[in-house]
Amino acid sequence: MERTNYCGRINQTYLGQDVVLKGWVQRRRDLGGMVFVDLRDREGIVQVVFNEETNEKVLKTAHELHSEDVIEVIGEVAERIDGQKNENLATGSIEVVAKDLKILNAAQTPPFNIAHHEGTSNDLRLKYRYLDLRNERMQRNLMLRHKVTHAIRNFLDKHQFIDIETPYLTKSTPEGARDYLVPSRVHDGKFYALPQSPQILKQLLMASGFDRYYQIVRCFRDEDLRGDRQPEFTQVDLEMSFLSEEEIRNLMEEMLKYVVKQTSGQEIKASFPVMNYDDAMANYGSDKPDIRFEMLLKDVTGVVKNCDFKVFSSTIEQGGAVKGLTVAGGADQFTRKQIDALQEIVSQHGAKGLAWLKVTEEGFSGPIARFFEEEALQSSLMDAMGAEAGDLLLFVADKLQVVHAALGDLRVHLGQMLKLYAPDELAFLWVVNWPLYEYDEEQGRFVASHHPFTRPQAQDIEKLSTNPYDIRAQAYDIVLNGYEVGGGSLRIHERELQEMMLHTLGFSDEEMYQQFGFLLEAMNYGFPPHGGIALGLDRLVMILANEPNIREVIAFPKNGKAADPLTGAPSMVSKDQLDELHLKVTASKEKMVADNVFDFGQEDE
RNA sequence: GGCCCCGUAGUGUAGCGGUUUACCACGCCUGCCUGUCACGCAGGAGAUCGCCGGUUCAAAUCCGGUCGGGGUCGCCA
């Protein structure tokens, strides 16, 4: 029989009608003379009733049902009498009285509780991902993801964007993340690289005159994973010709508001705040500030420069800085032990310690209070920190970079710990005026802070040869709730400027032509002014879904070691395969076998 | 690569040198039960305490190593 309805979609309008349902047994409640089954499909759950009056034979089969059996039920939709309705269930006011039951496929007992997978190890969930994805939360997340991409495509189509695919087998380029390499059978000893992003190709599409391009595209980076980073991830990749930075930002803002409206129903009216990179670093200690709450970093370097607390004064003497956070009302909230736990957070970022003061009506208290007894010092410190009685003051003294990293992270932790924002709040902002270059101490050279095709700000171009560190880029990041969900820039479209840029990055002429010759050459043939942005789709969906980890919005993610416990990838390959690819593996066989921990398909019987 | 945390029945956990025959809950199996909804009741099975080594009269418990997982710093233009 053909299915007539989704379980979760049955409601009062079907009363008295016969329905054919197909789904999974979420739960059986067997009362002997009657059986209740919670039947589940992608749209939800409905209660099915089996009893002797309707069909004795069917009741007998119902006694044998197990969790996750796939069944077909034919029955009549009936209203539940008062007192039997279930308020916690969307379909709780009705039930399906079964007339017929067919077991389409019986199931083994699942290896973990599918409906309540909280606390189940990540590894087990990934190994049986197809079961984990039956969980309501996972179904909801993947459907949300679908709605987000659907809304994006819808919006971009309306705005004349053209979806164009770019190759996955492409050329390895220096700069940036490590590439995933793909060996070539046809070309001895040569490799393709999977794209870290389609950056150059989308620029070339601008040269071709497509004017507005987009692609929802997989990107690959062979770097260590994090909660918000997977080795393969999805970008909403866009490029536009003839638009200014502001025009691009406005369009993206409109798109993001549209996406939020379409998926969560939330209407964001105000325009996104635009913050200078320098201000973000100074006030939030981060280039992706979470502006759902205040608690700004306060600079007290000038105030404590000459104080008797040597940790402060000598750090400043050596060129460092002292900054702090004011935790409003925190004096009574935090025990000594809890403050020690905060210390752990800052030390992860290289800070040597976390100094603290509690502000009381009588002045400061705490282990370093004795250094701040002088009244003038006390009041100027209070002023600088914006503090009042009852507050907790936390300080880090170190190199400015360390201070920012430590306090920036501490701030985020405190915001979370003290619940300083609503759980479903969405706080977008733009971070602009990025430095074009950063100095990489390890490599002893400048590296592009965005990428080598980023356009310097017009007034700074002359500094390319004199003072690269001082150049600002026409680059912009879109930040949401403390996550970088996208970044873009205006690009260089003039050959001469692009060559200057690459020279500053340390490229010789030869290296430059070898790596990027095709791009430079394209710039000879009428390359339009252009710019673009790439949004991290996984992160965006993660935040909209209110999930703490990007894995929860990806159907088949990798684990922390970039492996897939479900399929067992990556795995060893045969010698024949290697030979054909002209490859020789030098890793020890023992190590590889030991590393191959995945076993499956083996029954224990 | 560094640092931190975790590995005990199918799942989640308790136990942290000897009163242990390794606790509890869920799940599983058997039986009973006609209005349950994480149904209930009675009974039952299920664990070489990740692995290797050491300390000890005695190790799930302490120590070292190793493997696996998670987080984080580095890394991620």
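Letters A, B, ... mirror the listed sequences (proteins, then strands); counts begin at 1.
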Short heteroatom pairs, N/O only, protein and nucleotides 41-45 of chain B, under 3.5 Å:
none

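- Contact annotation for A:Glu53: base contact, defined as any heavy-atom pair under 4.0 Å involving a base atom.
- Note on A:Arg125 versus A:Asp132: salt bridge recorded, some NZ/NE/NH1/NH2 to OD/OE distance being below 4.0 Å.
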Atom pairs under 3.5 Å, N or O on each side, protein against nucleotides 9-12 of chain B: can you list them with distances?
| residue | atom | partner | partner atom | Å |
| --- | --- | --- | --- | --- |
| B:G10 | O2' | A:Pro111 | O | 2.9 |
| B:G12 | OP1 | A:Ser121 | N | 3.4 |

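- In the interface, the side chain of A:Arg226 is not paired with the base of B:G70 through any donor and acceptor atom under 3.5 Å apart.
- Distance from the side chain of A:Arg178 is smallest for B:C75 among the nucleotides B:G70, B:C33, B:C75.
- Non-hydrogen atoms lying under 4.0 Å from RNA chain B are contributed by A:Arg80, A:Gln84, A:Lys85, A:Asn86, all within residues 78-89 of chain A.
- Residue contacts for A:His117: at a heavy-atom cut-off of 4.0 Å it reaches no nucleic acid atom on any strand shown.
- A donor-acceptor contact under 3.5 Å is formed by the side chain of A:Glu95 with the base of B:G35.
- Between the CG atom of A:Leu65 and the C1' atom of B:U36 there is a distance of 15 Å, given to the nearest Å.
- Here B:U30 presents its C1' atom at 14 Å from CD of A:Glu64, a figure rounded to the nearest Å.
- Checked by distance alone, A:Arg221 brings no side-chain donor or acceptor within 3.5 Å of a matching partner on the base of B:C75.
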